[in-house]
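Below is one structure; the comments refer to it alone.
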Amino acid sequence: MSSSETRPVPRRESPWGMPEGDHRQPKAHRCNDRAEDVIQACFEGNPFKTVPGPFKLFWQCMRSKPGEEPTEPYAYLELDPPKREVKLE
C-alpha cells in the first residue's frame, strides 16, 4: 500500500451538497506522490537537472498497472518508496 492511500484527501464543499446516501471518500491516485516529487523538484535548484529523474519515475508509474508502480525512492519527498506486495502461489 502506498503512502498516498493512507493520507486523507481534502474535500471541497459543493453548492449542490452531497447526494443522499453517498458516503464515499476520495482516494488519492496511486501516482500522486510521484507527481508531488516532480513538483518539489521544480524548486530544488536548476529544474533542467532536478526534474528529469523524478519525472521519469512519475511517467513509469502512470504507465504501470496497479501494483506494478516503480519502487525506487523519491528524490525530494521524505516518504518511504512504495513496496510491491509479494503474492505467494
| field | Trace of the side-chain contact (heavy atoms from CB on, under 4.5 Å) decision for V51 with C42 | value | CA-CA 6 Å; V51 171; C42 295; 3.9 Å; yes
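Classification of the F55-W59 ring pair by plane angle, with boundaries at 30° and 60°, yields parallel.
Tested against C31, the residues E36, Q60, M62 include a single side chain to side chain contact (heavy atoms under 4.5 Å, CB included) partner, M62.
Residue pairs that meet the side chain to side chain donor-acceptor pair (under 3.5 Å) test with at least one member in residues 38-49, sequence neighbours left out, are Q40-E44. Every pair passing salt bridge (Lys or Arg N to Asp or Glu O under 4.0 Å) that includes a residue from residues 58-74 is listed here, sequence neighbours excluded: R30-E69.
Residue I39 shares its hydrophobic cluster (ILVMFWY side chains chained together at separations under 4.5 Å) with F43. Counting Ile, Leu, Val, Met, Phe, Trp and Tyr side chains that sit under 4.5 Å apart, directly or through other members, L57 stands alone, with no cluster partners.
Nearest approach of Y76 to A41, heavy atoms of both residues: CE1-CB, 3.5 Å. What you find for C61 and S64 is that their closest heavy atoms are O-OG, 2.7 Å. Shown here for R34 and P70, the closest heavy-atom pair between the two residues is NH2-O, 3.1 Å.
Checking side-chain atoms of T71 against main-chain N and O of P82 turns up no donor-acceptor pair under 3.5 Å.
Partners of A75 under the side-chain contact (heavy atoms from CB on, under 4.5 Å) rule, at least two apart in sequence or in another chain, are D37, P54.
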